[in-house]
Amino acid sequence: MKKTLHSKEEAARCLLCADAPCSKACRNGDPARAIRAIRFGNDKMAGLWTANCTDADLEAAEQACIHYDRPIRIKQLCRMATPPAMPSSLPNLAVDFCGIKCENPFFLASSAICTNYEMVARAFDAGWAGVFYKTICMQDINEVSPRFDAVHCEGTGDFYGFRNMEQLSENPVKVDFEILKRLKENYPTKVVVASIMGQTERQWIVLAKMAEKAGVDAIELNFSCPQMRLAGMGSDVGQDPELVTFYTAYVKRNVSIPVIPKMTPNITFMSRPAMGAYFAGADAISAINTIKSVTMSEDSSVSEKKTVSGYSGRAVKPIALRFILEMAQNPVMKGIQLSGIGGIETWRDALEFIQLGCRNVQVCTAVMQYGYRIIDDLILGMQFYMSQRGVSRVEELVGEELPHFVTASMLDRKTIVYPKVDRERCVGCGRCYTSCLDGGHQAISFDTEERMPRIVGTKCVGCHLCRLVCPTGAIGLSKRIEKK
């Protein structure tokens with residue numbers, strides 16, 4: 001089994017402690033930071049934080065580990081992390097969005113992670129480029145308790161799906177706009193976007209004018225919140241292309257700063273309301289908001305009652321990417337700028353949105369789990385990736401994968417790629433055999449004595465279910481060849 005696989009597996013057990021005891025016990029390094037680098041897709045750079053550690057340092061760190069089960073194998077993990085040959089300088093991540101210069105493409109999404117001045121200020125200090133502040137409205141917001149639920153990954157405590165019944169900002173309208181004004185005054189190089197939601201034409205216009213007066217850089221129009229208790233708000237608007245068009249036009253006619261409608265995924269064709277926003281003069285589109293969902297946990301019921309609410313987290317990323325792709329490929333909306341949201345945890349996640357046409361990305365659920373500190377690995381990972389590829393500007397990555405996406409009818413159906421078993425990495429568990437036997441094409445035989453699978457070429461159709469279920473990554477790709 002390769003070392004990188006073990007590293008990720010062991011790092012996934014880390015509790016990501018605040019004020020990590022392991023690093024406090026380590027005199028010459030920061031093992032907690034190294035483990036976090038592995039956890040968030042920067043395993044090649046993990047050695048940067050433990051290069052000067054002695055065995056005694058790492059043994060002390062391991063003894064200080066407070067894991068509930070058994071200590072993380074910090075010494076072994078860190079000794080496997082070799083410091084990379086870092087370039088003399090890393091690329092600048094500055095990118096232009098709607099004519100606004102952003103120091104990097106990473107923003108906080110409008111949500112519970114940005115509800116007051118102190119929170120956003122800490123995020124800016126940590127390195128986030130901007131904020132889509134929690135949506136401001138004129139209605140009284142009275143939240144329920146509890147209002148969150150999650151679908152957890154067994155063994156790590158992380159959740160891959162997150163459900164929330166959170167609505168909009170509970171602050172008085174004037175207070176929120178004063179906060180935005182202070183943020184822009186105290187952080188002039190950061191991008192401050194006011195997210196607003198009205199119920200009538202007048203409310204949309206009044207809120208937009210107040211936002212512009214507060215000095216924000218842009219306005220996001222929340223047409224997408226799935227759990228508004230009042231009709232004619234949130235996703236009720238986003239599902240109606242006419243309302244999206246009208247409200248976008250009202251705001252555009254009354255302010256001079258960029259206007260960014262936020263689309264709902266709770267619709268079959270997002271491009272229809274998005275085109276309405278485009279024709280009304282929208283400067284960009286942000287997508288997606290949360291997906292309507294149900295979870296059944298009794299612990300998350302409200303006085304023994306449940307309701308439909310929004311779903312987010314890593315599980316929604318493929319759905320978000322699909323909507324981004326469709327808008328980016330829409331010839332009618334050619335040139336519209338996009339802000340991507342949905343399941344972004346690592347720099348690789350962010351890169352996928354950028355490669356499909358987004359000029360920035362918004363993060364929420366990952367921050368709720370791990371804190372603002374994930375910005376360190378988002379920035380470093382993207383910089384290192386760009387350096388390795390010889391890319392100097394984020395703009396060079398925007399939309400670069402779009403030419404590779406075609407309709408299903410245009411896919412190559414004359415060739416096949418067979419799976420290939422790496423005998424050294426295979427541990428003989430037989431997962432591939434079981435899955436192929438019961439869920440595939442019975443194209444794997446399994447020797448129970450030697451505990452080794454074998455691909456039966458005469459039956460294999462190249463579906464690659466076996467590769468996807470292999471827990472050790474022992475099944476890879478062979479060369480693409482013509483079908484017989």
Side-chain angles (χ1 to χ4, degrees), residues 109-110 135 151 160-165 167 195 197 199 220-249 259-282 284-295 307-344 349 352-353 355-358 361-362 364-365 399 401-402 404-411:
S110 178
T135 303
V151 183
Y160 60 83
F162 184 72
R163 181 186 63 80
N164 85 88
M165 292 184 282
Q167 295 186 102
S195 177
M197 183 191 295
Q199 193 174 20
E220 182 182 69
L221 309 181
N222 188 338
F223 295 147
S224 50
C225 182
Q227 54 256 353
M228 293 309 299
R229 58 188 175 86
L230 299 174
M233 299 181 74
S235 59
D236 284 0
V237 175
Q239 293 169 351
D240 188 329
E242 282 193 10
L243 287 179
V244 169
T245 303
F246 292 150
Y247 288 147
T248 303
V259 174
I260 309 163
K262 185 174 183 177
M263 297 292 107
T264 177
N266 300 299
I267 190 170
T268 305
F269 300 108
M270 185 182 288
S271 283
R272 289 177 181 170
M275 282 191 292
Y278 174 78
F279 288 124
I285 299 291
S286 58
I288 60 174
N289 208 319
T290 53
I291 301 170
K292 287 188 176 181
S293 63
V294 168
T295 55
T307 191
V308 174
S309 52
Y311 193 61
S312 62
R314 68 182 72 162
V316 311
K317 186 181 74 169
I319 300 169
L321 289 171
R322 167 240 164 163
F323 282 120
I324 291 295
L325 174 65
E326 289 180 350
M327 290 190 290
Q329 288 183 324
N330 189 330
V332 176
M333 297 168 59
K334 191 172 183 180
I336 191 73
Q337 294 193 14
L338 299 170
S339 179
I341 318 160
I344 297 167
D349 298 326
E352 291 175 4
F353 281 85
Q355 289 176 320
L356 288 187
C358 295
V361 294
Q362 301 178 40
C364 170
T365 306
E401 282 293 321
L402 290 174
H404 298 141
F405 280 85
V406 297
T407 60
S409 62
M410 297 174 65
L411 291 174

*Are Thr135 and Asn222 close enough, and set up right, to give a side chain to side chain donor-acceptor pair (under 3.5 Å), and what steps lead you there?*
CA-CA 7 Å; Thr135 303; Asn222 188 338; 3.0 Å; yes
Shortest non-hydrogen contact from [X] toward [Y]:
| X | Y | result |
| --- | --- | --- |
| Asn289 | Cys225 | ND2-N, 3.6 Å |
| Ile341 | Ser286 | CD1-CB, 4.1 Å |
| Ser339 | Ile324 | O-CD1, 4.4 Å |
| Ser312 | Thr290 | CB-CG2, 3.8 Å |
| Leu356 | Leu402 | O-CD2, 3.5 Å |
| Gly161 | Tyr311 | CA-OH, 3.2 Å |

*Can you measure from CE (Met270) to CE (Met263) and round to the nearest 0.5 angstrom?*
7.5 Å
_If I take atom OH from residue Tyr278 and atom NZ from residue Lys334, how far apart are they, to the nearest 0.5 angstrom?_
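So the OH of Tyr278 and the NZ of Lys334 are separated by 10.0 Å.
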*Does any N or O in the side chain of Glu326 come within less than 3.5 Å of the main-chain N or O of Ser271, such that one atom is a donor and the other an acceptor?*
no
*asked:* If we ignore hydrogens and angles and just use 3.5 Å, is the side chain of Ser195 paired with the main-chain N or O of Ser110 as donor and acceptor?
replied: no
*Decide yes or no on side chain to side chain donor-acceptor pair (under 3.5 Å) for Ser293 and Arg163, but give the supporting numbers first.*
CA-CA 7 Å; Ser293 63; Arg163 181 186 63 80; 5.4 Å; no
